[in-house]
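Residue numbers run from 1 in the order of the sequence given. Start at 1 and go down the list; that is how both ligands and their atoms are numbered.
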Amino acid sequence: MDKQKLLKLAENPNHILGIYNYCNRWCERCTFTSKCLNYKMGEEHSDDSEANDINNKKFWDQLTEMFKITLELLYEDAEKMGIDLNAIDTKEIEKTEKVLQQKTDKHICATESYKYVYMVKKWFEAYPEISKSKQDELIQQAELEITSTDSVKEIEKIKDLIEVIHWYQFQIHVKAKRAIHGMLDNFSDDDDSDYPNDSDGSAKVALIGIDDSIAAWGELMNIFRSQENEILNILVHLERLRKTIEKTFPKARAFKRPGFDD
Ligand code: SF4
């Protein structure tokens with residue numbers, strides 16, 4: 001994509017400004033694809049398997065090209081605003097950023113959401129065994145002709161629930177960290193300002209990921225009864241994390257995500 005094409009896409013009045021900043025990035029399941037600039041930009045190469053393959057040179061060439069265009073536009077906009085980006089003291093910024101990153105990593109929302117990533121990983125390491133016993137059970141039911149249609153539906157449902165859990169497994173941590181980072185960075189800003197805060201938006205996305213994950217785990221627990229204790233342990237952890245994020249970002253739930261909450 002060249003600069004002119006990108007600018008033309010950005011001019012489309014049907015697009016919702018910044019919708020992609022607070023979504024869950026699950027474009028496959030999104031109802032706003034026609035209103036999303038980010039989606040449209042990706043669409044250009046959607047049929048090009050090489051451009052979508054992270055192991056292919058074309059993918060990285062495309063990313064480099066996008067980086068150059070973005071940087072070019074950034075410098076142009078900064079100049080219009082009277083900002084000289086070359087005059088920025090990058091060493092000082094790097095130093096501040098390092099401290100900020102360390103504080104972010106140690107925050108309870110970051111450590112606990114990271115812990116969740118590993119709890120999920122651990123549960124799924126044991127999943128082949130768990131799944132095998134469930135499959136044996138379903139096969140047995142099918143052989144006895146008890147509920148063959150329900151068995152197929154149940155297998156599909158399990159797949160769907162697992163997809164939801166995996167989708168949010170890392171995203172909750174990433175969004176929680178972004179929220180903390182922003183909060184610490186703006187520590188001295190006016191907290192009572194009416195201006196929507198990016199930290200609250202990121203925290204809201206993390207919370208939505210937690211809500212959906214809790215629902216998915218709850219359904220999995222009903223399916224895999226033998227896993228009740230293990231899943232309950234994960235659910236308790238998620239619920240604690242949900243409360244901690246809500247307490248840290250009391251305005252997050254009320255944050256209006258462009259498009260989704262309008
Ligand atoms: S708003 Fe929807 S289409 Fe756009 S990036 Fe997010 S999930 Fe994808």
Side-chain angles (χ1 to χ4, degrees), residues 1-54 56 58-71 73-74 77 109 113 116-117 120 159-182 195-217 238 242 245 249 251-262:
M1 178 176 300
D2 59 35
K3 198 168 102 180
Q4 291 315 318
K5 211 165 181 181
L6 176 64
L7 287 171
K8 199 157 188 307
L9 270 181
E11 276 167 10
N12 186 336
N14 288 328
H15 289 158
I16 298 173
L17 194 65
I19 187 170
Y20 44 79
N21 285 329
Y22 305 104
C23 65
N24 63 10
R25 292 288 167 136
W26 208 340
C27 304
E28 237 177 82
R29 298 192 176 193
C30 183
T31 51
F32 287 100
T33 49
S34 63
K35 294 180 182 291
C36 175
L37 172 64
N38 193 61
Y39 182 82
K40 293 282 166 197
M41 281 161 59
E43 216 179 24
E44 191 179 345
H45 298 285
S46 60
D47 294 333
D48 186 341
S49 58
E50 287 183 359
N52 288 313
D53 178 5
I54 197 165
N56 197 292
K58 203 166 175 185
F59 173 90
W60 294 105
D61 287 349
Q62 187 194 311
L63 207 62
T64 308
E65 189 54 35
M66 206 59 209
F67 171 73
K68 277 188 202 154
I69 295 172
T70 309
L71 217 56
L73 291 170
L74 175 69
D77 282 350
C109 293
S113 54
Y116 173 68
V117 170
V120 176
K159 260 177 72 185
D160 211 38
L161 295 171
I162 289 175
E163 218 182 319
V164 171
I165 290 167
H166 278 143
W167 191 264
Y168 291 115
Q169 179 184 2
F170 294 93
Q171 193 176 94
I172 294 169
H173 176 63
V174 171
K175 291 293 174 180
K177 264 187 80 172
R178 176 174 161 144
I180 296 298
H181 186 282
Y195 196 72
N197 199 322
D198 177 71
S199 305
D200 289 328
S202 298
K204 182 164 186 174
V205 180
L207 285 170
I208 290 170
I210 293 175
D211 295 345
D212 287 352
S213 302
I214 287 178
W217 279 115
L238 270 181
R242 186 177 72 83
I245 295 178
F249 301 94
K251 294 181 184 172
R253 288 281 186 193
F255 182 92
K256 288 210 179 306
R257 295 166 303 151
F260 297 98
D261 298 322
D262 292 338

Under a 4.5 Å cut-off applied to non-hydrogen side-chain atoms, are V120 and W217 in contact?
-> yes
Is the closest side-chain heavy-atom distance between C23 and I19 below 4.5 Å?
-> no
Does CG in L63 sit with more than 12 non-hydrogen atoms of other residues, nucleotides or ligands closer than 6.0 Å?
-> yes
Atoms of ligand 1 close to N38 [distance to a heavy atom under 4.0 angstrom, numbered from 1] | 5 (S)
Taking only non-hydrogen atoms of W26 and a 4.0 Å limit, the atoms of ligand 1 in range are 7 (S)
Hey, is there an N, O or S on C30 sitting under 2.8 Å from atom 2 (Fe) of ligand 1?
-> yes
Measure centre to centre between the rings of Y39 and F32, then say whether the value is under 6.0 Å.
-> no
F255 ring center near F249 ring center (under 6.0 Å) | no
Check whether any N, O or S atom of C23 sits under 2.8 Å from atom 6 (Fe) of ligand 1.
-> yes
Proximity of C36 to ligand 1 by residue part, where a heavy atom lies under 4.0 Å | side chain
Nearest-neighbour protein heavy atom for atom 8 (Fe) of ligand 1, which is reported as residue plus atom name and distance = C27 SG, 2.3 Å
